[in-house]
Peer 1: 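What follows is a single structure, and I will ask about it in a moment.
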Amino acid sequence: MIRLQGVHKSYKTHFGAKEVLRGVDAEFRRGEKVGILGRNGAGKTTLLRLIAGVEHPNQGRIERRMSVSWPLGFAGAMHYGMSGADNARFIARIYDRPMQETVEFVEDFADLGSYYRMPVKTYSSGMIVRLGFALSLAVQFDCYLVDEAIAVGDTKFGRRARAALADINARSALLLVSHQAETVRAFCETAAILDDGRLTRYDDLDEAIAAYHAAAA
Amino acid sequence: MSDVVAPRTGLLGCLGIQARVIGALMMREMGGRFGRDNIGYLWLFAEPLMLGGAIGLLHEIAGHPLPGGLNPFMFWVIGYVPYYLFRGIVNSAPSIIASNQSLLYHRRVTVEDILFARFLLDGAAVGIALTIFLLVFGAMLGEWPDEPGLIVLGMAGMLGIAQGLAMLIAAATVYTELFDRITHLFTYLSLGLTGAFFMVFWLPTDLQQDALLVPTVHCFEMLRRGLYGTQVPTTFDIPYLVAWVAVLNLLGLAALRPARRRLVV
């Protein structure tokens, strides 16, 4: 279970504090697949980063009773000065995974060719996403935090990523943030809408999607 | 499903995770700094070895006699190498979190781990370099350390002061960029005050009291006592140094906590 209580988050800018989340309360249970819908800039990414513990709320509490992945589909979680292979070794070390197996698994899944032995800073943005997702699959969590970027795209990797997500879905909880209702429908059972810094849970997926479209209109 | 990361673990499990994370960060730092080209990881202590050796040799060649008839090469090496540790750690403090920030995506990696990995690595590098110098002094100049324990303690004190300052600077960097600009100036100006290149007994009596307020002066005096024994007079106060190390480190750790909460990753 993950529980958020009265979570506020604001960032300091040159124009004063920008409040992104203004009191989010939510509970995500073991095995749940929840889509979090929100417009660009609604704070989806911020919410995911707080749940992951990458950043901390200004106010409120986040309680984690299951192991939670780092946010997938973003550029973080790897070091740009290291090669893909060294990043895989780093992950294997900190999560206590078998070294050789992890390095080989990531090499195979990310499909980076010779770039795998070169620093991440030489990668294209697509390659970085591939490496990041492959790294995250090398470690198993109770709950995965996923950005939509991973689930879209009709490339070879896009298809493999969707297959891997479906596999994760079968055994773990999933929080997927997206601005597209279709993506959420493909992977999730229920949904929530993030709007104006607050999160509204819907038990029924169709109801959530209808409300999301209605708000846009 | 024993492969799934556990949500919680006991104290021993936490210590295990922390040791693994710090080890991984040290490997990362070594890979990043030295790579696998040419002599690779040997650069770790080759750098302080070369710098210390060069400074020592320059003064040896210049041939200025030192009070107490000390050997200039030894004197400058035993001053410069520990100072190199201090300067390296303090100078890297403003950029240390930023250069590993993306790794904070892993909740197991903490800012404290990032800093401690760096302190351990720098401490080990300079420790190895100093050990090599001490062996050279013994083998070539016949000067074996009088009390090796005091040399270890002096270096530990040096590391303790440097890491306390570094934690405070790293925490402050989260709030302001000011330290990016002034840290190098501070370490440069501090060169003359740290006690790296003077001995307390060289100073007039009233100045001695002032010099002994500086905690690093005690480290250098301990190092010299450990190396020279009673050939030259040395003055140091171990409880005074320990108090400085404890206070700086506690303040540093206390400052890192709120800083991490504010950090935008």
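Predicted model, so just to flag it, every value in this text is computed and none were measured. Within every chain, numbering begins at 1; the chains are lettered A, B, ... in the order of the sequence lines, protein sequences first and strands thereafter. Values reported hereafter were calculated over all heavy atoms of this structure, with side chains retained and with hydrogens, waters and symmetry mates removed.
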Peer 1: In terms of heavy-atom proximity below 4.5 Å to chain B, should A/D96 be classed as side chain, backbone, both, or neither?
Peer 2: both
Peer 1: Chain B heavy atoms under 4.5 Å from A/P71: which part of the residue, side chain, backbone, both or neither?
Peer 2: both
Peer 1: Surrounding OH of A/Y115 (heavy atoms of other residues, nucleotides or ligands, distance under 6.0 Å), is the total greater than 12?
Peer 2: no
Peer 1: Hey, are B/R181 and B/E177 close enough for a salt bridge, meaning a charged N less than 4.0 Å from a carboxylate O?
Peer 2: yes
Peer 1: For residues 254-265 of chain B, tabulate all N or O donor-acceptor pairs below 3.5 Å that involve a side-chain atom, not counting sequence neighbours.
Peer 2:
from	atom 1	to	atom 2	distance (Å)
B/R260	NH1	A/V54	O	3.0
B/R260	NH2	A/G53	O	3.4
B/R260	NH2	A/V54	O	2.7
B/R261	NH2	A/P57	O	3.3

Peer 1: So for A/M78, is it side chain, backbone, both, or neither that comes closer than 4.5 Å to the heavy atoms of chain B?
Peer 2: backbone
Peer 1: For A/Y11, run the side-chain hydrogen bond (donor to acceptor under 3.5 Å, both in side chains) check against A/E55, A/K18, A/E19 and tell me which one passes.
Peer 2: A/E55
Peer 1: Below 4.5 Å from any heavy atom of chain A, which atoms of B/R28 appear? Answer side chain, backbone, both or neither.
Peer 2: both
Peer 1: Side chain, backbone, both or neither: which part of B/I22 has an atom under 4.5 Å from a heavy atom of chain A?
Peer 2: neither
Peer 1: Between A/R30 and A/D142, does any side-chain N to carboxylate O distance fall below 4.0 Å?
Peer 2: yes
